[in-house]
Amino acid sequence: MGSLDKYLKKAKTESVVGEGRFEKFNLKENPFPSSPFINPHSTDARINGEIYEPSIREKEYQKLQENFLEVSQSNPNHLRLGYIEDTSYIGRGNGKSAFILDMQKRINQDFGLNVSNQLNKSFAVTVVPEPSGKTKTFERFVDLLANSIFRSDIVEDVLTSLRLEAILNIDETFDIQQHFVDENDLVRKLNSVDWFSKADVNLRQVSQKVLQNKNLQGLPNDFPLSSSPTITLFPTIVSKSDFIEYYKNLKRGKPKYEFIFSHLVDLFLAAGFNGAYVFIDDFERIPDFQSERQKRDFAVEIRSCLFDGLYTNAKIGFYTFVLVLHAGIPRLIQTAWDQSGLGHRAPISYKGGTPKHVIRFEKITLEHAFALLCKHLKAYRITNTEADDISPFTKGAISKIAESSEFNASKILKMAYETLERAADKSISEIDVDLIAQEDAAGITEEKQTDGIHDAPTKNLMQESE
Amino acid sequence: MPGKMSVDARPHSVKKFYFLEYFYVLLKSVQSYSSNQKIFKQFLALKQEHQLGLSKYKKLTVDDPASPKRMGKYKYTFDQVMAEAVEYRLVSVQVLGTVLTSLGKKAINKYENEGPSSFNQFLFTLMEEKYSAFHYILDVCYEANPEKSGLLIFPIYSAHRLGIERSSIKTSSDLRIYFHQLKIQLEKDIDRYLGKTVNLTEKNDALVNRLISVDLLPQNDSQLFNPKNYNVILKRVRDFWLKYFLQDLYNYQFSLNSFDIWAYRGKQIGVLHITEFYPDPDFSGRIVYPLSVIKHSVKSKNFHSLFSYSDHWKIYLHQPSWEDEVNREDFLKSLHQAYLDVRRYARSYFVNLASIREKVCYTLKIPEYLFDQFLERAYHEKFKIRISLEVDKLPEETNAIYLRRTPVMIDGKYRNIIAIDLA
């Protein structure tokens with residue numbers, strides 16, 4: 001029976017719930033990310049973009065607003081292709097991903113009405129090409145774009161919009177306030193068969209009314225919305241999954257492009273949208289693995305879809321593409337851009353002042369560094385303090401951190417993380433310049449590599465000489 | 001397997017300087033003057049011009065006043081170079097002064113008409129004739145690690161590298177903990193890179209006892225050691241283990257210093273490679289590997305005979321030619337792969353070029369100067385990949401790193417970072 005004892009035995013000393021490591025700094029946890037890369041799907045507020053200090057990129061935001069958001073998207077001459085350009089060759093960690101994530105949130109909050117001063121009804125999606133050369137062709141890129149659109153709520157929102165409008169058209173007396181509590185409730189109900197029957201609203205009638213929308217007249221017969229509602233015992237309602245399925249079953253190439261750049265655009269227009277912003281983050285992952293020929297082909301396809309092809313999008317410029325680049329990338333795609341004519345419409349290199357369609361991302365200032373760290377600290381305070389409380393850091397310490405990190409946002413956060421960890425471990429109550437100087441001297445960071453020499457491939461000269 | 005040495009190797013007799021370019025500088029000085037005093041003065045001037053010295057890639061200010069101590073060091077180096085030049089009969093000391101021999105004139109000719117590589121290889125024949133040191137070292141390499149084509153490791157791990165904060169090392173016991181961690185790491189490395197299982201406990205104990213016996217390490221565990229001694233202790237420990245590797249594991253029967261000098265000379269010639277900067281996340285220290293073989297004959301066109309020993313064995317340098325398409329393909333593929341490998345973790349478009357060079361040289365077993373030449377060709381000629389080179393330094397690397405690592409010279413400029421894309 002000896003072995004069963006273990007279930008009864010207790011540890012010699014019981015674990016003591018100690019003070020949190022950062023409690024002495026009035027912080028719940030270390031508010032800085034240990035590896036400062038944006039991951040919007042994470043639940044950790046430190047890396048999913050939730051903690052965001054807009055003042056840092058206020059200038060960039062204003063430029064975007066002035067030239068892209070507050071311009072009427074209904075005017076076919078609006079900018080259709082723009083670039084967010086990092087000015088550093090080592091363009092990593094300057095906050096571009098965080099910026100576009102925030103942009104996307106702001107736009108999608110209320111269909112872009114606020115950011116455009118009520119001028120446009122729009123939405124935003126982000127496309128991130130896959131690493132290691134998986135996204136090399138335009139076809140693959142379009143698949144990713146489709147995924148991004150389907151992953152967002154826009155299709156449901158559009159269906160909701162269309163159905164609501166149809167209901168109001170059929171029955172002028174329909175009281176919205178009476179039926180729907182809030183936005184979520186509205187979307188849920190108008191996409192549920194059950195609600196239609198409970199609320200005694202004729203789904204078939206609504207669906208047919210939707211189809212009468214002038215923008216939906218050119219759709220192919222097999223388009224999800226067009227499928228005539230069959231009279232069955234169990235009525236069905238068209239949902240996002242129908243669209244996903246439909247896209248999956250389309251033939252490669254032209255049919256898929258038409259779907260995204262013509263038919264979906266028609267659908268969006270029908271719901272009252274007049275534009276959409278497509279942010280393409282880490283764009284270099286595409287040309288990195290493309291041959292010159294492939295780059296050119298890609299550029300030609302973009303030109304066709306955005307500017308002068310036969311798609312609805314090309315006619316009105318519904319989608320506005322914003323590419324996120326860093327300093328080395330323009331030269332990578334210059335030739336392809338020029339040869340395809342894209343360079344003419346949205347030049348990627350320029351002399352003199354920055355053109356309207358380019359938003360430059362410079363290094364952040366010292367002031368910004370303060371704001372950035374402050375924001376994170378505030379989010380994790382146990383008891384609230386003044387807005388500009390930077391403890392346990394001293395002003396000098398933050399200046400030194402910013403300097404040592406060469407004003408790169410990502411590095412600043414990482415260094416702040418590491419310094420705070422050390423301070424917690426060593427029971428240091430204040431982080432001053434000296435501590436930062438020590439931190440700096442301690443590590444000469446070298447890049448982390450993958451294969452070590454242990455498994456690196458190498459020639460066997462004895463054999464080779466045979 | 002290389003032939004067992006039947007020639008008499010005397011690597012211990014090497015003079016104490018690394019750069020082979022010193023020979024050229026000396027010969028040029030002798031060419032201009034005959035009195036030792038004037039030769040020395042010219043030697044100093046040319047040495048400055050060629051930027052020979054400890055931090056070769058740091059600009060020495062022209063009006064750097066030489067302290068007596070530094071002058072003493074220069075004179076020592078000068079004497080050493082002169083002595084060795086005499087041994088190789090490159091110069092001859094006569095009543096009326098020191099003069100160039102015909103061999104010395106030939107050497108200068110080689111440098112000026114054929115370039116430093118040719119000069120170095122010529123010196124090689126003179127050195128090897130006298131000392132056969134490289135033969136000896138190559139044998140040591142291939143015998144010590146046949147599985148890995150003669151790779152030798154010389155691990156060096158600071159306390160920091162092993163996760164121990166310098167500031168936490170105060171007592172004798174703290175130091176011992178570091179020594180213990182070091183011992184474990186060394187055992188791991190020996191297993192991993194040399195395929196041998198060893199127990200270094202006894203050796204480590206011997207080291208500790210020795211440090212105690214010379215009063216560097218207090219006997220009592222809780223006693224504080226004199227912090228002024230920290231660096232001395234570290235050096236002793238470092239040298240202890242380096243000697244262990246060199247003499248016990250690799251069977252090199254001569255001094256650490258002699259190995260060091262021959263290895264760095266060998267690197268300049270292209271007979272082997274030594275580096276402390278191979279980009280490896282787990283290993284810290286130096287590695288050495290052969291770039292040549294010793295055989296009676298070879299079949300491959302990529303090898304060139306550099307020297308023939310008295311027992312008819314020859315040393316063949318691995319020097320693939322750029323003109324051969326297979327070699328070009330190999331290089332471009334290896335270059336691109338190394339770039340992708342390094343970039344994966346760097347998360348930036350441009351990466352450190354010297355790191356790429358280390359990887360490619362190890363994969364292809366070519367000397368650094370050949371890498372530089374190939375890269376320059378690839379940079380200019382049209383291939384499936386397009387190369388971008390910049391002088392900028394990566395922000396996360398401090399100046400300290402750039403001072404110690406040899407940068408890559410392309411088109412007359414030192415380049416630090418590279419980016420590659422497919423054309």
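Numbered from 1 within each chain, the chains take letters A, B, ... in sequence-line order.
Within the 4.5 angstrom heavy-atom criterion, only side-chain atoms of I287(B), from C-beta onward, approach chain A. Contacts of S292(B) with chain A are made by backbone atoms alone, with heavy-atom separations under 4.5 Å and no side-chain atom involved.
Atom CD of E381(B) is surrounded by more than 12 heavy atoms from other residues, nucleotides or ligands within 6.0 Å. Other residues, nucleotides and ligands place more than 12 heavy atoms under 6.0 Å from the NE2 atom of H296(B). Counting non-hydrogen atoms of neighbouring residues, nucleotides and ligands closer than 6.0 angstrom, the CD atom of E367(A) reaches no more than 12 such neighbours. Counting non-hydrogen atoms of other residues, nucleotides and ligands closer than 6.0 Å to NZ of K196(B) gives a total above 12.
Counting only heavy atoms from C-beta outward, the side chains of K365(B) and T458(A) approach each other to under 4.5 Å. For the pair L461(A) and Y142(B), the minimum side-chain heavy-atom distance is below 4.5 Å.
R328(B) meets the side-chain contact (heavy atoms from CB on, under 4.5 Å) test with W322(B), E325(B), F383(B); sequence neighbours excluded.
Shortest non-hydrogen contact noted between H454(A) and K148(B) is O-CE, 3.6 Å. Smallest separation of non-hydrogen atoms from G452(A) and P281(B): CA-CD, 4.3 Å.
Between the side chain of D280(B) and the backbone N or O of I453(A), at least one donor-acceptor pair lies under 3.5 Å.
Using a cut-off of 4.0 Å between Lys/Arg side-chain N and Asp/Glu carboxylate O, K299(B) and E464(A) are scored as not salt-bridged.
Put simply, of F283(B), Y362(B), F303(B), Y193(B), the one with the most heavy-atom pairs under 4.5 Å next to chain A is Y362(B).
S465(A) and K295(B) share a side-chain donor-acceptor pair at under 3.5 Å.
When each of T363(B), L291(B), L364(B) is paired with K459(A), the side-chain contact (heavy atoms from CB on, under 4.5 Å) condition holds for L364(B) and for no other.
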